[in-house]
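Next up is a structure, given as structure tokens.
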Amino acid sequence: MTTRHDHWIDGRPEAPAGGTWLATLDPATRLPGDEVAAGGPADIGRAVAAAERARHGWAARSPAERGTVLHRIADAIEADAGTLMRLERECTGKVPAQLRLEADMSAAYFRYYAGVVRAAGHGRVIEQGAGAHTYTRYEPYGVVGVITPWNLPLNQACRALAPALAMGNAVVAKPSEFTSASTLHLARLATRAGLPDGVLNVVTGTGPDAGAALAAHPGVRRLSFTGSVATGRYLAGVAGGRLVPVTLELGGRSPLVVFADADLDGAVAAAVTAVAANSGQVCSATARLLIEESVHDEVVDRVVTAVEKLRPGVDFGPLITEAQYAQVLDLLAGAPVPPATGGGPYPRGPKARGLFVRPTVYARVDPRARIARAEVFGPVLVTLPFRDEAEALAMANDTDYGLVAAVWSGDLARGLRLAERIEAGQVAVNGGPLTVETPFGGYRHSGYGREKGLAALYEYAQLKTVSASLG
Ligand code: NAD
């Protein structure tokens with residue numbers, strides 16, 4: 001039987017004002033899944049009104065009190081991870097290890113900001129001599145609109161919600177219409193965990209109907225968007241017109257640079273992860289392999305051997321939407337060289353019914369080819385050889401994007417030299433960790449503003465100066 005998911009507004013489920021629901025799909029089987037409320041301006045209006053009523057009470061609580069509620073939400077995510085993972089699997093086809101990782105990360109965001117807001121959510125005193133008392137304070141914006149995509153649905157929602165709520169904002173979240181159920185369940189868990197009614201509302205629906213209405217609503221004082229460059233550009237225009245700040249976490253075409261002196265086992269494993277993790281549907285996937293000429297063919301051979309061992313449905317899942325599946329197949333069809341492995345869907349069997357694409361490697365690709373420049377968002381690697389450090393740097397920066405880069409070299413000084421010259425928001429040298437603590441965001445077309453880490457806390461607060469003359 002099909003389950004229908006209503007919006008979550010003011011601490012309870014609310015049927016869509018228009019009385020219609022949207023179908024979802026299990027991409028592993030292409031069988032129909034749950035239905036989600038088709039929201040529009042009326043539903044957004046109700047949610048923003050609930051958030052507006054709730055925001056003053058929530059903002060008035062101390063950081064310690066808000067932190068306690070956030071810890072309880074993290075507890076609830078951990079305790080009910082099984083349900084969250086099931087809801088996520090049903091509309092994404094993700095494999096168990098990926099689901100577990102995202103559930104753990106989701107709880108970690110709430111834990112981190114529960115503590116961080118107590119330690120760093122306050123302003124400072126500015127000394128101006130006797131006779132004055134001047135200080136700064138961080139104040140919430142009020143109602144924040146959070147719009148998220150389908151590739152890491154719960155994780156991306158929590159990444160924005162945790163700091164926004166920690167700083168005392170109320171939120172209206174609009175998840176992707178393809179993957180809304182886990183964000184709705186999160187809001188239910190948060191309410192049960194003690195988050196006051198109206199502080200976190202979730203309205204589902206399409207981008208043009210629900211997302212655009214949220215961005216345009218005069219009660220929304222700040223926006224956070226994760227998604228495509230095209231939608232990001234549109235929302236930047238809306239936010240500019242309304243003079244509200246917006247964080248834009250957009251796409252990427254991130255390089256993985258491998259020098260001949262690198263730990264090749266580590267570099268090959270990192271390349272395989274770029275294909276396998278969420279089937280490459282990760283904005284930060286380092287799937288553009290730049291390999292020093294002297295080891296290029298050896299690295300390609302090792303990557304191809306490892307990639308061919310990946311098991312569909314075990315090590316990687318299907319693509320999540322029909323549109324994404326069609327887009328990846330179109331990019332593969334236009335590749336200028338034959339694939340070293342993969343190159344299309346599974347010809348027969350159960351994986352041929354789902355939206356599975358075979359892990360694919362294209363070696364020695366023309367850097368001008370579409371497959372080398374466009375964001376693929378699928379289990380696809382391209383390799384390009386380079387001669388020396390200067391050429392590696394030029395190729396790494398030869399992209400419109402600037403989200404992430406990885407550098408592998410036995411010479412750490414060279415790794416760090418490149419890290420400082422690559423134009424991207426985060427660069428990992430020799431597998432350096434990028435975690436909840438490390439700020440995340442883009443250069444160039446990958447967007448602006450930062451999520452994660454201490455930096456994100458201040459994205460969701462405005463700084464006020466108070467100065468008193470003591471007479
Ligand atoms: P998308 O831009 O189509 O949709 C993202 C969200 O925006 C969805 O909730 C959608 O309903 C909504 N939306 C669409 N049109 C809208 C409009 N006119 N007004 C308001 N909202 C609208 O992106 P997608 O296809 O869901 O996600 C894939 C993209 O997301 C990729 O490009 C990927 O790189 C990017 N992404 C970025 C990050 C990051 O952190 N930088 C993380 C994950 C995904």
Side-chain angles (χ1 to χ4, degrees), residues 63-64 66-78 81 97-124 138 140 144 146 148 151-169 171 186 224 226 247-250 252 254 256 266 270 273-274 277-278 282-286 402-408 412 415-416 419-420 422 424-443 446-461 463:
R66 292 198 298 268
T68 300
V69 176
L70 264 58
H71 271 303
R72 289 197 191 121
I73 296 174
D75 294 341
I77 293 171
E78 285 164 357
Q98 181 68 31
L99 292 164
R100 182 80 254 172
L101 177 78
E102 291 178 36
D104 290 349
M105 285 279 285
S106 299
Y109 285 122
F110 281 94
R111 288 249 183 269
Y112 176 75
Y113 288 105
V116 158
V117 71
R118 299 178 67 173
H122 49 74
R124 52 196 299 195
Y138 286 104
V144 174
V146 172
T148 45
N151 59 326
L152 307 167
L154 183 68
N155 179 73
Q156 281 148 342
C158 293
R159 189 177 73 182
L161 296 179
L165 295 173
M167 272 311 216
N169 297 282
V171 175
L186 171 79
S224 165
T226 306
T247 299
L248 296 176
E249 294 288 0
L250 310 178
S254 302
L256 190 157
T273 298
N278 215 31
V282 181
C283 52
S284 52
T286 46
L403 195 55
V404 171
V407 182
W408 288 81
L412 185 60
L416 294 175
E420 293 185 8
I422 290 176
Q426 40 277 302
V427 184
V429 180
N430 294 338
L434 298 174
T435 62
V436 171
E437 291 81 4
T438 54
F440 180 84
Y443 281 27
S446 293
Y448 44 78
R450 291 294 175 267
E451 301 280 13
K452 305 205 299 181
L454 193 52
L457 194 69
Y458 304 121
E459 296 269 333
Y460 293 101
L463 191 62

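For the single chain, residues carry numbers from 1 onward in sequence order.
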Legend entry - Taking every non-hydrogen atom, the tightest pair across Ala405 and Ala424: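 Closest heavy-atom pair between Ala405 and Ala424: N-CB, 4.4 Å.
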
Legend entry - Among Glu249, Gln156, Arg159, the one residue meeting side-chain hydrogen bond (donor to acceptor under 3.5 Å, both in side chains) with Thr226: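 So, applying the side-chain hydrogen bond (donor to acceptor under 3.5 Å, both in side chains) to Thr226 and each of Glu249, Gln156, Arg159, only Arg159 qualifies.
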
Inset, instruction - Please report the shortest heavy-atom distance between Gln98 and Asn278, naming the atom on each side. - result: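 Answer, listing the atom of Gln98 first, then Asn278: OE1-N, 3.4 Å.
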
Inset, instruction - Quick one: pull up OG1 in Thr68 and CD1 in Ile73 and give me the separation to the nearest 0.5 Å. - result: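 Reported value, rounded in 0.5 Å steps: 11.0 Å.
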
Legend entry - salt bridge (charged side-chain N to carboxylate O under 4.0 Å, His left out) contacts in which one or both residues fall within residues 424-433, not counting sequence neighbours: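 Non-adjacent pairs meeting salt bridge (charged side-chain N to carboxylate O under 4.0 Å, His left out): zero.
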
Legend entry - Nearest-0.5 Å distance, OH of residue Tyr109 to CG of residue Asn155: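 That separation rounds to 4.5 Å.
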
Legend entry - Listed once per pair and sorted, the salt bridge (charged side-chain N to carboxylate O under 4.0 Å, His left out) pairs that draw on residues 97-111, sequence neighbours left out: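 Checked against salt bridge (charged side-chain N to carboxylate O under 4.0 Å, His left out) - neighbours excluded - the pairs reaching residues 97-111 are Asp75-Arg111, Glu78-Arg111, Lys94-Glu102, Arg100-Asp104.
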
Legend entry - Atom of Met105, atom of Val436 and distance for their closest heavy-atom approach: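 Looking at all heavy atoms of both residues, the shortest contact is SD-CG2, 4.2 Å.
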
Legend entry - Nearest-0.5 Å distance, OG of residue Ser106 to CG of residue Leu154: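 Rounded to the nearest 0.5 Å, the OG-CG separation comes to 3.5 Å.
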
Inset, instruction - With rounding to the nearest 0.5 Å, note down the distance linking OG in Ser446 to CZ in Phe440. - result: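 Going from OG on Ser446 over to CZ on Phe440, the span is 8.5 Å.
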
Inset, instruction - Determine whether Cys283 and Leu250 make a side-chain contact, defined as any pair of heavy atoms from C-beta on separated by less than 4.5 Å. - result: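 No. Closest side-chain heavy atoms not under 4.5 Å.
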
Legend entry - Where Ala428 and Leu434 come nearest, the two heavy atoms and their spacing: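 Closest heavy-atom pair between Ala428 and Leu434: CB-CD1, 4.3 Å.
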
Inset, instruction - Determine the minimum heavy-atom distance between Gly431 and Trp408, stating which atoms define it. - result: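 Answer, listing the atom of Gly431 first, then Trp408: N-CZ2, 3.5 Å.
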
Legend entry - Contact summary for Ala461 and Met167, nearest pair of heavy atoms: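 Answer, listing the atom of Ala461 first, then Met167: CB-CE, 3.7 Å.
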
Inset, instruction - To the nearest 0.5 angstrom, please state how far the OH atom of Tyr448 sits from the OG1 atom of Thr247. - result: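 The OG1 atom of Thr247 is 9.0 Å from OH of Tyr448, to the nearest 0.5 Å.
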
Inset, instruction - State, without any angle test, whether Ser224 and Tyr460 hold a side-chain donor-acceptor pair at a distance under 3.5 Å. - result: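 Side chains of Ser224 and Tyr460: pair found under 3.5 Å.
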
